[in-house]
Enquirer: 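This structure is in structure tokens; I'll ask about it shortly.
Both backbone and side-chain heavy atoms feed into the values below; hydrogens, waters and symmetry mates do not. Both ligands and their constituent atoms are indexed starting at 1 by order of listing. As the structure is a computational prediction, the values presented were derived from the model and not from experiment.
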Amino acid sequence: MDVQSLHEKFFELYTKKDQVCRTFFAPGRVNLIGEHTDYNGGYVFPCALQYGTYLAVRLNGSDQINFATTNFDQRCSVPAEGFARQDKKWVNYPLGVMDQLVKRGFQMKGMDLLFSGDVPNAAGLSSSASIEMVTAVAMNALYNMQLNMIDLIKIGQKAENEFVGVNCGIMDQFASGMGKTDHAVYLDCATLDYEQVPLVLGEYKIVISNTNKRRGLTDSKYNERRSECESSVESIARTEPVSFLGELTFSRFLDLQHLIPDETVRRRAHHVVSENQRVLDAVKALKESDLALFGEMMNASHDSLRDDYEVTGIELDTLVDEARKVEGVMGSRMTGAGFGGCTVSLVHKDAIDRFITEVGSAYHAKTGLKPDFYLGEVGDGAKEV
Ligand code: GLA
């Protein structure tokens, strides 16, 4: 939806054309490499997409906050004080952000809000982080809060952890807040030091393939992996002073891994520590224009997520296997939490049509599902438009 149509819809819903609204945007993200490392204090390398969520908003002089979206027919009004979780699930993302702001001492007033998102739904491309970040940036501007982007990112993550009830790391909100056109964000999740690295891909493009698999078990499995990582740290910490897996270099981990008695837990930790090293290697490769090495790292990342971390599944594995058969593909891996959602592949521009045809039909034949494909155009982080 373009901004003009959003405004037309806004004034149709909320009338009072003399009271102007302001408009904000925050993107979804695709992670290039560094999966399940963020909540282990490791490195990630995501970029912001051009897909995202728009928000038109104004103060309305009442004590009611009105929520609407162009995406589905679900409106909701809540009093501007004392927020409680809503049945209309999507409202909990913006409400969670407002709740965090109130907890930091800011007061909310009556508002009219209209959201409009074009991130493919339930694809694991962080539509929820984009709703949180567009709300955070909008509230910051509307109430002149003077919070910086890092504060807003932390607020977005806390909203998701505490109000929505999903125990995510900081990567999605960070990419949505700090993304930059034609750059990827190299982030150390332990310190929040980051660098926006130019994404110079030459003749290659980022292609996102959606499994279109319903992601039923994601949340429970995600939490299970988190506790497995915590348990690996506890085992090591009985002997060595270690507080999170991201602290360990790969060779140090090899020296210490015998301290983890459970074989499965050891493999989970092996994924995290090896993935961390792959992010370092991949970022270096990109800076040196070595796309072949970057692609190799992507492939190794998927294999580790499949074998050690076990968060892929037949759909993601099939998409990746088929992608790697296509000539002109540098690398292919799952992206996001896993179990469904999307893969990300680095594909030569002349091979994209063939990629879509060949991967699409082989995937359909093997799984009975029809995939969707999107070009991963890299856009800017959250802002007023
Ligand atoms: C989800 C979470 C992120 C991150 C990824 C896995 O997208 O929201 O914080 O943990 O999974 O890398």
Side-chain angles (χ1 to χ4, degrees), residues 26-49 51-52 92-93 96 119-133 153-179 184-190 192 194 208 210-211 213 215-230 244-246 268-269 271-276 278-279 282 297-298 301-302 304-306 308-313 316 333-344:
R29 64 97 189 93
V30 63
N31 188 20
L32 299 179
I33 193 160
E35 219 65 81
H36 290 278
T37 44
D38 62 350
Y39 53 83
N40 286 300
Y43 302 109
V44 292
F45 196 49
C47 46
L49 294 170
Y51 298 120
N92 291 323
Y93 298 104
V119 186
N121 206 6
L125 299 175
S126 296
S127 54
S128 44
S130 79
I131 303 179
E132 287 150 6
M133 290 312 297
I153 287 166
K154 288 181 183 165
I155 286 168
Q157 184 201 9
K158 271 208 139 193
E160 180 125 3
N161 293 164
E162 292 178 6
F163 202 85
V164 179
V166 176
N167 211 5
C168 64
I170 203 163
M171 169 171 73
D172 305 344
Q173 289 78 9
F174 207 99
S176 181
M178 284 297 183
V185 185
Y186 174 37
L187 169 67
D188 178 342
C189 299
L192 298 190
Y194 71 98
I208 298 168
N210 189 348
T211 58
K213 184 200 172 189
R215 294 191 312 150
L217 285 173
T218 313
D219 290 352
S220 62
K221 290 284 177 196
Y222 187 88
N223 289 337
E224 187 182 293
R225 293 297 176 276
R226 281 192 77 134
S227 14
E228 286 166 337
C229 291
E230 281 157 21
F244 53 93
L245 287 173
R268 305 298 189 239
H271 163 72
V272 173
V273 180
S274 63
E275 182 78 351
N276 239 359
R278 281 187 288 274
V279 181
M297 291 299 132
M298 291 175 79
S301 165
H302 182 88
S304 169
L305 288 155
R306 182 191 60 213
D308 280 348
Y309 219 62
E310 295 181 282
V311 291
T312 59
L316 287 166
R333 60 180 289 275
M334 58 152 270
T335 183
F339 303 105
C342 291
T343 65
V344 57

Enquirer: Checking the N or O distance criterion of under 3.5 Å, is ligand 1 in contact with Asn31?
Expert: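 No; every N/O pair is 3.5 Å or more apart.
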
Enquirer: How many angstroms lie between CZ in Phe244 and CG in Asn40, if you round to the nearest 0.5 Å?
Expert: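 Rounded to the nearest 0.5 Å, the CZ-CG separation comes out at 9.5 Å.
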
Enquirer: By number and element, which atoms of ligand 1 are closer than 4.0 Å to a non-hydrogen atom of Gly336?
Expert: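 Checking each atom against Gly336, I get 6 (C), 11 (O).
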
Enquirer: Under a 4.5 Å cut-off applied to non-hydrogen side-chain atoms, are His36 and Tyr39 in contact?
Expert: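 Yes, close enough: below the 4.5 Å cut-off.
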
Enquirer: Is the ring pair His271/Tyr309 parallel, tilted or perpendicular, if the boundaries are 30 and 60 degrees?
Expert: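 Ring orientation of His271 relative to Tyr309: tilted.
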
Enquirer: Nearest non-hydrogen atom to atom 1 (C) of ligand 1 belongs to which of Ile33, Ile170, Asp172, Val311?
Expert: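 It is Asp172 whose heavy atom sits nearest to atom 1 (C) of ligand 1.
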
Enquirer: Report, in ascending order of atom number, the atoms of ligand 1 lying under 4.0 Å from any heavy atom of Arg29.
Expert: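 Every atom of ligand 1 under 4.0 Å from some heavy atom of Arg29: 7 (O).
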
Enquirer: Going by the atom numbers of ligand 1, which of them fall below 4.0 Å from some non-hydrogen atom of Tyr39?
Expert: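 Here the atoms of ligand 1 in question are 10 (O).
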
Enquirer: Between atom SG of Cys168 and atom NZ of Lys158, what is the distance when rounded to the nearest 0.5 Å?
Expert: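 Between Cys168 SG and Lys158 NZ, I get 12.5 Å after rounding to 0.5 Å.
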
Enquirer: Should you measure from each heavy atom of Asp38, which atoms of ligand 1 turn up under 4.0 Å away?
Expert: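 Within the 4.0 Å cut-off of Asp38, ligand 1 contributes 3 (C), 4 (C), 9 (O), 10 (O).
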
Enquirer: Please determine whether any non-hydrogen atom of Arg225 lies less than 4.0 Å from an atom of ligand 1.
Expert: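 Distance cut 4.0 Å: Arg225 fails for ligand 1.
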
Enquirer: Kindly say whether the aromatic ring centers of Tyr194 and Tyr186 come within a distance under 6.0 Å.
Expert: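 Judged by ring-centre distance (under 6.0 Å), Tyr194 and Tyr186 do not meet the cut-off.
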
Enquirer: If only atom types and distance count, is the side chain of Asn210 paired as donor or acceptor with the main-chain N or O of Cys342 below 3.5 Å?
Expert: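 Side chain of Asn210 to backbone of Cys342, a donor-acceptor pair under 3.5 Å: no, none is there.
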
Enquirer: Give the atoms of ligand 1, by number and element, whose distance to some non-hydrogen atom of Met171 is under 4.0 Å.
Expert: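 Listed by number with element, the hits are 4 (C), 5 (C), 12 (O).
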
Enquirer: Applying salt bridge (charged side-chain N to carboxylate O under 4.0 Å, His left out), run through Lys221 and Glu310 and close with a yes or a no.
Expert: CA-CA 10 Å; Lys221 290 284 177 196; Glu310 295 181 282; over 6 Å; no

Enquirer: With heavy atoms of Gly169 as the reference, note each atom of ligand 1 found under 4.0 Å away.
Expert: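 Counting from 1, the qualifying ligand atoms are 9 (O).
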
